[in-house]
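See structure below.
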Amino acid sequence: MNLTLKVWRQKGPQDKGRMVTYRVEDVSPDMSFLEMLDVLNERLILEGDDPIAFDHDCREGICGMCGMVINGVAHGEQVATTTCQLHMRHFEDDAVITIEPWRAAPFPVVKDLVVDRSAFDRIIQAGGFISVPAGSAPDAHSVPVKKVDADAAFDAATCIGCGACVAACPNGSASLFTAAKITHLSLLPQGQPERDSRARAMVEQMDAEGFGGCTNTGECTAVCPKGIPLDTIAQMNRDYLRASK
Amino acid sequence: MNKHYTEGEPIRDTKAPAGPIEERWEKRKFSAKLVNPANKRKMHVIVVGTGLAGGSAAATLGELGYNVTSFCYQDSPRRAHSIAAQGGINAAKNYRGDGDSIYRLFYDTVKGGDFRARESNVYRLAQVSVNIIDQAVAQGVPFAREYGGLLDTRSFGGAQVSRTFYARGQTGQQLLLGAYQALERQIAAGTVKMNTRHEMLDVIVSDGRARGVIVRDMVTGEIERHLADAVVLATGGYGNVFFLSTNAKGCNTTAIWRAHRRGAMFANPCYTQIHPTCIPVSGDYQSKLTLMSESLRNDGRVWVPVKAGDTRPASEIPEEERDYYLERIYPAFGNLVPRDIASRAAKNVCDEGRGVGPGGLGVYLDFADAIRRLGREAVEKKYGNLFEMYERITGEDPYSQPMRIYPAVHYTMGGLWVDYDLQSTIPGLFVVGEANFSDHGANRLGASALMQGLADGYFVLPTTIGDYLANGPYGEVDDGAVAEAEAAVQSKIERLLSVNGTRTADSYHRELGKLMWDYCGMERTEESLRKALERIPELREEFWQNVKVSGTADELNQALERAGRVADFFDLAELMCIDALHRTESCGGHFRAESQDADGEALRDDENFAYVAAWEYGEQGPVLHKEALEYEYVKMSQRSYK
Ligand SMILES: Cc1cc2nc3c(=O)[nH]c(=O)nc-3n(C[C@H](O)[C@H](O)[C@H](O)COP(=O)(O)OP(=O)(O)OC[C@H]3O[C@@H](n4cnc5c(N)ncnc54)[C@H](O)[C@@H]3O)c2cc1C
């Protein structure tokens, strides 16, 4: 198949940036989206051009490193799929595809499609953990956990921290990301001692980073490659209220 | 004939205490000197890598009060490739009462490694395994549980007990997030300073000791020097030397190779694990291979058509014309034989012309029986995410037709040589996780890498590095050594940028990888290795004359990053082939076609090869140092899974 790509190019944080059009030919439908970009980049390098910078690593949908807005949708239109797992068989021959970085004030562009997501790490630093120094843990079977709780905690814990939720949200909110961690830990008995302080600190850090508020549009879960449910946000709000009492 | 190497003095681990194996680790812990709590803050440790090994090590050192600086090349420590581990983590908890014990895990690991690992290290690993599960659960790692609220387990290859703990198909992710969260807690506490998007390009060795690293800020291109009292490398495996592997695109050998060039010996570089269940290659644009977890072999049955050249779709091949070859050849372990055996068996049936799918490079992994027996819903619960991943990549539905799988490079048992304290041959340079060679011998059992990474990082290194630091201080760092390391890094970058040839680094990498797969892959022969050793230097020469790297040094430049890694892969590839050529026996993942028994199984040569091959870097070619392996507890025997 042959494609026309319109790609956001931006030299660095200070550069204004612009869309640049590229033609790519002989694309195999079995290629992944990133492999298609690899082919284009190989050509750009040989032509002495700067290849398109994009983040990626595991290429199996779990590291959370890749992420592009493809035709206006974070990670593209295929549901529950990271950019690296998107395959070209889902595009029409001769399609025009626009590719842009995540856009949100707390995620400044580093170069082209690469953004700075360190705000997420700082939200975890604020309280996204259980304080248990190595070697101090009791036997794993000393506290049984109901299967339903363990499963629900796992579902929330599958967040890969890619930032698609922020990119998709009209308010640029990081609520789904933050709520996923709060929910994961507050569903487990081990997470109880720090439950209040965790919710308070993480929500406050999220606000301090400049992410917007949640207005329940649900765009975040719609694009989430791991399908983190929207009701985690309700859980976060409950925990936050509880903590503020 | 050219031997490609010379032989030096034997080498030996001097740190493991003597005496009964169950007491050695306790003894070592007790004999290790302690650092006074007030002094810990003044001791500076660099940890490169934030995977299970590095993340857990940095967090734990921070908790103990050391002053830690940590590096990773991704934009967040949470993205290290440990995140991709699917199947599970072993531990000798014996929660099932099925006869498991520390001794049995130790035994299985030594045997699974085909008697090429150190007994003392493996025993300690089995001992510590139980603490890892406790630690992870306390951190909130959501392992799978049963209705009674207790932890669930499953079976993995090479074991007849159920000792693998798991979190659906995302065990590595959940364990890494546990370590990452502990690390972020220490970053907030100020004990760990984190540097993301930084690539380590050299080790600073001053007065014979590792005293720091040279790194490149991957955003600005700035070359930075960081000094410390000790350095820990936790930079993962080097499977990407084959270009196609199940590793992440950024996995590299640069950190350990640079350390090797500075004096750290490289042990058993040729021990590579080829994983039997990966999605087959679909085209020459392929950028990586995707693993389908070994846990699938619990319920999936592996088969190929009985007749060669049978191109009928799977559904049209009647039961009696299918060969469930693993069940046929290995009735005791069936589909759960260790990885090296399953991989080679797949290769053999494909070589016989019985492979399926494009190019005949695939075998079926069939869930029809499991779906009939357990129902689709139960299969979906267990493996749903893996099935989805398979469908996304291949466009085929594994619920209605069998998966096609083929072996792929997955893990490297070789790595920097370390003693019982996990210290390399450069004093002050410690190596943990997949980057060292320590515990898996010639073949790693499934679910044991996560165990080893966390054992090293949470429990072993924090004790042993304390002993090293307590024996300090080691004085001022020599300015000349720092300047020299920095200049070496700068000049390599300039050289790469100045060639301005006609081929990309990736295209050289692909060619090198193909060469390694063909000549130093699943099956090796003297002839193939000699060919590789002829071709690699030629290709490397061409690379340095003709590579094209666009852009400049002082910006985010992914073409430059790749070229630097490929350059190091060339050198490593050569050492791997030399190691593979010198080891004329077959053992574990290293299969020399000349050394097999009447049934085509790997034939060890214990008389001549019961040693670790530790290679020292030398300008005139590598120097081999042998560490003799002695087995006091597990009697050496030919492995049999029949
Ligand atoms: C797909 C897959 C599935 C697996 N499944 C299992 C399983 O189920 N069970 C099991 O036990 N094992 C499994 N393994 C193996 C296991 O995951 C790895 O061996 C283990 O996670 C390696 O951990 P590590 O901490 O040593 O390295 P990694 O997790 O690879 O971390 C390496 C770190 O080093 C950093 N780094 C590397 N080079 C540099 C450099 N030059 N400069 C700066 N930083 C650098 C990286 O940024 C990263 O932080 C699997 C492996 C793969 C690939």
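Here is how names work: the chains are called A, B, and so on, in the same order as the sequence lines, proteins then strands, and each is numbered from 1. All values below were derived from every heavy atom in this structure, side-chain atoms included, with hydrogens, water molecules and symmetry-related copies excluded. Because the structure is a prediction, the values reported are computed rather than measured.
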Task: Shortest non-hydrogen contact from A:Phe120 toward B:Tyr180 - done: O-OH, 4.4 Å
- [ ] Could you tell me whether a side-chain N or O of B:Arg392 sits under 3.5 Å from a main-chain N or O of A:Gln85, the two making a donor and an acceptor?
- [x] no
Open item on the list: Tell me whether A:Asp30 contacts the main-chain N or O of B:Ser282 through its side chain, where contact means a donor paired with an acceptor under 3.5 Å.
Closed with: no
- [ ] Please determine, among B:Leu64, B:Val130, B:Asn247, B:Leu151, the option with the most heavy-atom pairs under 4.5 Å with chain A.
- [x] B:Leu151
TODO: Check whether more than 12 heavy atoms from other residues, nucleotides or ligands sit under 6.0 Å from atom CD of A:Glu25, and answer yes or no.
DONE: yes
Open item on the list: Between A:Asp57 (side chain only) and B:Gly250 (backbone N and O only), is there a donor and an acceptor less than 3.5 Å apart?
Closed with: yes
- [ ] Mark yes when over 12 heavy atoms from residues, nucleotides or ligands other than A:Glu92 sit less than 6.0 Å from its CD; otherwise mark no.
- [x] no
Task: Heavy-atom contact with chain B under 4.5 Å, split by part of A:Val115 - done: backbone
Open item on the list: Take a 6.0 Å sphere around CG of A:Asp26 and say whether it holds more than 12 heavy atoms from other residues, nucleotides or ligands.
Closed with: no
Task: Minimal non-hydrogen separation, B:Gly148 against A:Pro144, with atom names - done: O-CB, 4.2 Å
Open item on the list: Test your reading of the model: is there a side-chain donor-acceptor pair from A:His184 to the backbone of B:Gly140, 3.5 Å cut-off?
Closed with: yes
Task: Distance in Å, B:Ile187 CD1 paired with A:Arg122 CZ, rounded so as to fall on 0.5 Å steps - done: 11.0 Å
TODO: Select one option (side chain, backbone, both, neither) describing which atoms of A:Leu46 are under 4.5 Å from chain B's heavy atoms.
DONE: both
TODO: Over all heavy atoms of both residues, which pair between B:Ala559 and A:Ile45 is shortest? Give the atoms and the distance, please.
DONE: CB-CD1, 3.9 Å
Task: Selection from A:Glu35, A:Lys146, A:Gln78 maximising heavy-atom pairs under 4.5 Å formed with chain B - done: A:Glu35
TODO: Measure B:Glu391 against the heavy atoms of chain A and call it side chain, backbone, both or neither at under 4.5 Å.
DONE: backbone
Task: Atom pair CD1/CD of A:Ile160 and B:Gln173 - distance to nearest 0.5 Å - done: 8.0 Å
- [ ] Give the member of B:Gln139, B:Arg185, B:Gln186, B:Lys548 that has the highest number of heavy-atom pairs under 4.5 Å with chain A.
- [x] B:Arg185
Open item on the list: With chain B as the partner, which of A:Pro189, A:Pro138, A:Ser142, A:Ser118 has the greatest number of non-hydrogen pairs under 4.5 Å?
Closed with: A:Pro138
Open item on the list: Looking at every heavy atom in both A:Val132 and B:Glu63, which two are closest together, and how far apart are they?
Closed with: O-OE2, 4.2 Å
Open item on the list: At a 4.5 Å cut-off on heavy atoms, which part of B:Asp75 comes close to chain A: side chain, backbone, both, or neither?
Closed with: both
TODO: Report the distance from atom CG of A:Asp50 to atom CG of B:Asn557, rounding to the nearest 0.5 Å.
DONE: 7.0 Å
Task: Criterion salt bridge (Lys or Arg N to Asp or Glu O under 4.0 Å) on B:Glu555 and A:Lys11, from CA distance to verdict - done: CA-CA 9 Å; B:Glu555 60 178 333; A:Lys11 277 238 138 245; 3.7 Å; yes
Task: Winner by heavy-atom pair count (cut-off under 4.5 Å) against chain A, out of B:Asp152, B:Asp506, B:Asp134, B:Val137 - done: B:Asp134
Task: Check: A:Asp49 main-chain N/O paired with B:Ser550 side-chain donor or acceptor under 3.5 Å - done: yes
Task: Most contacts with chain B, counted as non-hydrogen pairs under 4.5 angstrom, among A:Gly48, A:Ala153, A:Gly161 - done: A:Gly161
Open item on the list: For chain B, which candidate among A:Leu185, A:Val110, A:Thr81 shows the most heavy-atom pairs at distances under 4.5 Å?
Closed with: A:Thr81
Open item on the list: Between A:Val148 and chain B, with a heavy-atom cut-off of 4.5 Å, which part of the residue counts as in contact: side chain, backbone, both or neither?
Closed with: neither
Task: chain B contacts, top residue of A:Ser136, A:Ala53, A:Ser32 (heavy-atom pairs, under 4.5 Å) - done: A:Ala53
Task: Gap separating the CZ atom of A:Arg59 from the OG1 atom of B:Thr290, nearest 0.5 angstrom - done: 10.5 Å
Open item on the list: If you define the side chain from C-beta out and look only at heavy atoms, does anything of A:Lys181 sit under 4.5 Å from B:Gln181?
Closed with: yes
Open item on the list: Return the CZ to OG1 distance between A:Arg117 and B:Thr196, rounded to the nearest 0.5 Å.
Closed with: 10.5 Å
Task: Interface residue of largest heavy-atom contact number with chain A, from B:Ala136, B:Ala80, B:Ala167, under 4.5 Å - done: B:Ala167
Task: Note, A:Glu60 side chain near B:Ile279 side chain (heavy atom, < 4.5 Å) - done: no
Open item on the list: Which one wins on heavy-atom pair count under 4.5 Å against chain A: B:Phe459, B:Tyr147, B:Tyr458, B:Phe143?
Closed with: B:Tyr147
Open item on the list: Looking at every non-hydrogen atom in both residues, tell me the closest pair between A:Ala140 and B:Ile133 and how far apart they are.
Closed with: CB-CG2, 3.9 Å
Open item on the list: What part of A:Val145 gets within 4.5 angstrom of chain B, counting heavy atoms only: side chain, backbone, both, or neither?
Closed with: both
- [ ] Heavy-atom distances under 4.5 Å only: say whether A:His141 touches chain B with side chain, backbone, both or neither.
- [x] both
TODO: Name the region of A:Ile52, side chain, backbone, both or neither, that has any atom closer than 4.5 Å to a heavy atom of chain B.
DONE: backbone
Task: Side-chain touch B:Gln74/A:Met65, heavy atoms, less than 4.5 angstrom - done: yes
Open item on the list: Restricting to non-hydrogen atoms, name the atom on A:Ala157 and the atom on B:Leu177 that form the minimum distance, rounded to 0.1 Å.
Closed with: O-CD1, 3.7 Å
Open item on the list: Please check this pair: side chain of A:Gln125 against backbone of B:Glu184, looking for a donor-acceptor N/O pair closer than 3.5 Å.
Closed with: no
TODO: Evaluate the side-chain proximity of A:Asp121 to B:Pro77: yes if any heavy-atom separation is below 4.5 Å, no if none is.
DONE: yes
- [ ] Taking the side chain as every heavy atom from C-beta outward, state whether B:Tyr285 and A:Ser28 have any pair of such atoms under 4.5 Å apart.
- [x] yes
Open item on the list: Counting only non-hydrogen atoms closer than 4.5 Å, does B:Thr394 touch chain A with its backbone (N, CA, C, O), its side chain (CB onward), both, or neither?
Closed with: backbone
- [ ] Taking only Lys NZ, Arg NE, NH1 and NH2, and the carboxylate oxygens of Asp or Glu, determine whether B:Lys249 and A:Asp38 approach each other closer than 4.0 Å.
- [x] no
- [ ] With a 4.5 angstrom heavy-atom cut-off, could you sort out which part of A:Thr158 is near chain B: side chain, backbone, both or neither?
- [x] both
Task: Charged N-O contact under 4.0 Å between B:Lys93 and A:Asp139 - done: yes
Task: N-O pairing of A:Asp55 and B:Arg197 below 4.0 Å - done: yes
Open item on the list: Check whether B:Gln558 reaches the backbone of A:Phe54 with its side chain - one donor and one acceptor, N or O, closer than 3.5 Å.
Closed with: yes
Open item on the list: Heavy-atom count check: over 12 atoms from other residues, nucleotides or ligands less than 6.0 Å from A:Glu77 CD?
Closed with: no
TODO: Could you tell me which of B:Arg168, B:His81, B:Glu146 has the largest number of non-hydrogen atom pairs under 4.5 Å with chain A?
DONE: B:Arg168
Task: A:Lys111 NZ to B:Leu556 CG distance, which is reported to the nearest 0.5 Å - done: 5.5 Å
